[in-house]
**Student:** 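One structure coming up, written as structure tokens, with questions to follow.
For ligands, and for the atoms within them, numbers begin at 1 and follow the listed sequence.
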Amino acid sequence: MTYNNILVEAHPPLGIIRLNRPKVLNALNFELLREVVDALEAFDNDERIRVNILTGSDDAFSAGADIKELSEATPVDLINENKFALWDRLKKIAKPIIGAVSGHTLGGGCELAMNCDIIIASETARFGQPEINIGIMPGAGGTQRLTRTIGKFRAMEMILTGQPITAREAEKHGLVNRVVPVEAYFEEARKLALQIAQKAPVAVRLAKEAVLKSFDTPLDEGLQFERRNFYLLFSTEDMKEGMKAFTEKRPANFKGR
Ligand code: CO8
């Protein structure tokens, strides 16, 4: 596959996707977003890849939707072309996505970061939902995911004022896993991704699915879902290998079966 707006590298067991529109601070046009989703889906189908890293540049993970493109959109275009369905496909990616985030992480860029499963931020990262400044509001999950992550009052302030927060504030409010110097954020994300890549892939996949389920379900239903995934793992070779390796005091050799 060829991509115009992103750089994609398979470094098994890692799949690395870098947003690459430096002149516009990685503004998200629909083609870029489609490429990100296509690349993640391709990695989902590639047995060599176990964990994805999604990153941008030191200056910008992404400054949000491409305002030039978005300004020409009509509601009828958005409905007929169903362009936001890309976000539904993104939500269904099965393998973990580690966000390695630096610089401007705004609007759709912040929403894209919140679609990652773990976020490592550089000290220079700034998170914000500035849509209100251009007469719109978040439209790709910002009002829901930000609110569930940092709470109603903080989310309300960010969304109604458009004022971004620093990486340290984001860390304090639980929007990122950790903050490291700008020279180190990608490497930190890579180390974490490699750590996860060593685990049993089917267990990783079902665990991710169960954690995400908690956003959509009442507790009882979520617990049932978790239990079914847990039971399912007892049918995997990796479960037998993991437990055998533990008793034999050796590292497990997981095969994803
Ligand atoms: N869209 C298009 N171009 C952009 C964007 C953007 N979001 N952000 C920056 N650029 C361009 C600038 O126009 C400029 O281009 P040029 O050199 O040709 O003038 C270049 O990038 C560099 O930007 P600045 O000169 O403005 O750089 P500064 O360092 O002065 O400022 C800021 C950086 C603060 C990030 C500033 O560029 C800014 O405010 N950008 C807009 C941020 C914003 O409002 N984002 C939200 C957009 S709306 C949204 O995300 C809705 C999401 C809906 C779902 C997404 C579907 C795909």
Side-chain angles (χ1 to χ4, degrees), residues 3-6 8 17-41 54-93 97 99-116 119 121-150 154-167 169-170 175-176 182 185:
Y3 300 101
N4 298 320
N5 305 279
I6 60 174
V8 179
I17 300 172
R18 185 179 293 277
L19 310 188
N20 188 35
R21 298 186 76 208
K23 289 191 184 132
V24 288
L25 303 176
N26 290 330
L28 306 173
N29 57 22
F30 286 107
E31 187 186 36
L32 179 150
L33 197 58
R34 185 184 50 72
E35 289 179 356
V36 168
V37 175
D38 284 349
L40 287 167
E41 287 178 350
L54 181 60
T55 192
S57 70
D58 292 353
D59 294 336
F61 176 68
S62 166
D66 186 320
I67 297 173
K68 287 186 192 109
E69 183 188 63
L70 202 61
S71 64
E72 285 158 17
T74 69
V76 175
D77 291 340
L78 294 173
I79 292 165
N80 285 347
E81 294 168 29
N82 199 16
K83 285 185 164 157
F84 276 55
L86 287 167
W87 295 94
D88 303 330
R89 282 169 60 196
L90 190 57
K91 191 174 162 219
K92 294 199 181 99
I93 296 300
I97 308 171
V101 173
S102 182
H104 301 292
T105 304
L106 303 174
C110 187
E111 290 167 315
L112 184 60
M114 287 191 286
N115 266 279
C116 295
I119 302 177
S122 94
E123 277 165 351
T124 64
R126 293 285 177 277
F127 296 84
Q129 298 288 162
E131 290 89 342
I132 205 84
N133 296 330
I134 54 169
I136 56 170
M137 59 176 274
T143 62
Q144 306 303 299
R145 289 203 177 90
L146 191 64
T147 305
R148 283 163 203 232
T149 306
I150 69 174
R154 291 189 192 103
M156 200 65 99
E157 185 174 342
M158 282 177 72
I159 290 167
L160 298 188
T161 67
Q163 189 66 35
I165 59 172
T166 63
E169 285 170 305
L175 182 58
V176 304
V182 64
Y185 72 99

**Student:** Among Asp66, Asn4, Asn26, find the residue that satisfies the side chain to side chain donor-acceptor pair (under 3.5 Å) test when tested with Arg21.
**Tutor:** Asp66

**Student:** With heavy-atom distances below 4.0 Å as the criterion, list the atoms of ligand 1 near Ala27.
**Tutor:** 1 (N), 2 (C), 6 (C)

**Student:** Write out the residue and atom name of the closest protein heavy atom to atom 24 (P) of ligand 1, then the distance separating them to 0.1 Å.
**Tutor:** Leu25 CD1, 4.6 Å

**Student:** Considering non-hydrogen atoms only, spot the tightest contact between Glu111 and Glu131 and give its length.
**Tutor:** OE1-OE2, 4.0 Å

**Student:** Quick one: look up the protein heavy atom nearest atom 11 (C) of ligand 1 and list residue, atom name and how far away it is.
**Tutor:** Val24 CA, 3.8 Å

**Student:** At what distance, to the nearest 0.5 angstrom, does CG of Leu33 lie from CG of Asn5?
**Tutor:** 10.5 Å

**Student:** Are Asn115 and Trp87 packed together at the side-chain level, in the sense that at least one heavy-atom pair is separated by less than 4.5 angstrom?
**Tutor:** yes

**Student:** Using a 4.0 Å cutoff against the non-hydrogen atoms of Glu111, which atoms of ligand 1 qualify?
**Tutor:** 52 (C)

**Student:** Short list, please: which atoms of ligand 1 are under 4.0 Å from a heavy atom of Ala140?
**Tutor:** 54 (C)

**Student:** Looking at Ala155 and Ile150, what are the two nearest heavy atoms and their distance?
**Tutor:** N-CD1, 3.7 Å

**Student:** Could you pull out the closest heavy-atom pair between Phe127 and Met158, with the gap in Å?
**Tutor:** O-CE, 3.5 Å

**Student:** Does atom 1 (N) of ligand 1 have a protein non-hydrogen atom under 4.0 Å from it?
**Tutor:** yes

**Student:** When only distance counts, is Gly108 in polar contact with ligand 1, meaning an N/O pair under 3.5 Å?
**Tutor:** yes

**Student:** Applying a 4.0 Å heavy-atom criterion (strictly less than), which segment of Asn29 is in contact with ligand 1: side chain, backbone, both, or neither?
**Tutor:** neither

**Student:** Closer than 4.0 Å and a protein heavy atom, does any atom meet both conditions relative to atom 38 (C) of ligand 1?
**Tutor:** no

**Student:** Taking the side chain as C-beta and beyond, is there a heavy-atom pair between Asp77 and Pro75 under 4.5 Å?
**Tutor:** no

**Student:** Is any heavy atom of the protein nearer than 4.0 Å to atom 31 (O) of ligand 1?
**Tutor:** no

**Student:** Determine whether a donor-acceptor pair (N or O, by modelled atom type, separation under 3.5 Å) exists between the side chain of Arg126 and the backbone of Thr166.
**Tutor:** no

**Student:** Check ligand 1 against Gly64 and write out every atom of the ligand that is under 4.0 Å from a heavy-atom position of the residue.
**Tutor:** 7 (N), 50 (O)

**Student:** In the complex you have, is atom 18 (O) of ligand 1 within reach of the protein, judged by whether a heavy-atom distance drops under 4.0 Å?
**Tutor:** no

**Student:** Which heavy-atom pair separates Leu160 from Ile132 by the least distance, and what is that distance?
**Tutor:** O-CG2, 3.7 Å

**Student:** I'd like to check which ligand 1 atoms, numbered from 1 as shown, lie under 4.0 Å from a non-hydrogen atom of Asp66.
**Tutor:** 1 (N), 2 (C)

**Student:** Return the CD1 to CG distance between Ile97 and Leu40, rounded to the nearest 0.5 Å.
**Tutor:** 4.5 Å

**Student:** When you measure from atom 6 (C) of ligand 1 to every protein heavy atom, which one gives the shortest distance, and what is it?
**Tutor:** Ala65 O, 3.5 Å

**Student:** Taking 4.0 angstrom as the limit and counting only heavy atoms of Gly107, give me the atoms of ligand 1 inside it, by number and element.
**Tutor:** 50 (O)

**Student:** Among all protein heavy atoms in this structure, tell me which lies nearest to atom 44 (O) of ligand 1, with the distance rounded to 0.1 Å.
**Tutor:** Pro130 CG, 3.7 Å

**Student:** Report yes or no: does Gln129 contribute a side-chain atom to a donor-acceptor pair with the main-chain N or O of Cys110 at less than 3.5 Å?
**Tutor:** no

**Student:** Considering only the protein, which heavy-atom contact is closest to atom 29 (O) of ligand 1, and what is its distance?
**Tutor:** His104 NE2, 4.2 Å

**Student:** Give a yes or no on whether the backbone of Val182 and the side-chain of Ser122 come within a donor-acceptor separation of less than 3.5 Å.
**Tutor:** no

**Student:** Yes or no: does Gln129 have any heavy atom under 4.0 Å from an atom of ligand 1?
**Tutor:** no

**Student:** Which one of Arg21, Arg126, Lys23 has a non-hydrogen atom at the shortest distance from atom 14 (C) of ligand 1?
**Tutor:** Lys23

**Student:** Identify the closest protein heavy atom to atom 41 (C) of ligand 1: which residue and atom is it, and at what distance?
**Tutor:** Ile67 CD1, 3.9 Å

**Student:** What protein heavy atom sits nearest atom 13 (O) of ligand 1, and how far off is it?
**Tutor:** Lys68 NZ, 4.0 Å

**Student:** State the atoms of ligand 1, each with its element, that fall below the 4.0 Å cut-off from a heavy-atom position in Phe84.
**Tutor:** 54 (C), 56 (C)

**Student:** Is there at least one protein heavy-atom neighbour under 4.0 Å from atom 26 (O) of ligand 1?
**Tutor:** no

**Student:** Which heavy atom of Val101 sits nearest a heavy atom of Ala125, and at what distance?
**Tutor:** O-CB, 4.0 Å

**Student:** Take atom 50 (O) of ligand 1 and look for protein heavy atoms under 4.0 Å from it; say yes if you find one, no if not.
**Tutor:** yes

**Student:** Under 4.0 Å from a heavy atom of Ile134: give me the atoms of ligand 1 that qualify, with their elements.
**Tutor:** 48 (S)

**Student:** Which heavy atom of Gly56 sits nearest a heavy atom of Arg18, and at what distance?
**Tutor:** O-NH1, 2.9 Å

**Student:** Is the contact between Ala63 and ligand 1 made by the side chain, the backbone, both, or neither, using heavy atoms and a 4.0 Å cut-off?
**Tutor:** both

**Student:** Under 3.5 Å, is there a donor-acceptor pair between the side chain of Thr143 and the main chain of Gly141?
**Tutor:** no

**Student:** How long is the span from the CZ atom in Phe61 to the CG atom in Leu112, to the nearest 0.5 Å?
**Tutor:** 4.0 Å

**Student:** Does some non-hydrogen atom of the protein lie less than 4.0 angstrom from atom 21 (O) of ligand 1?
**Tutor:** yes

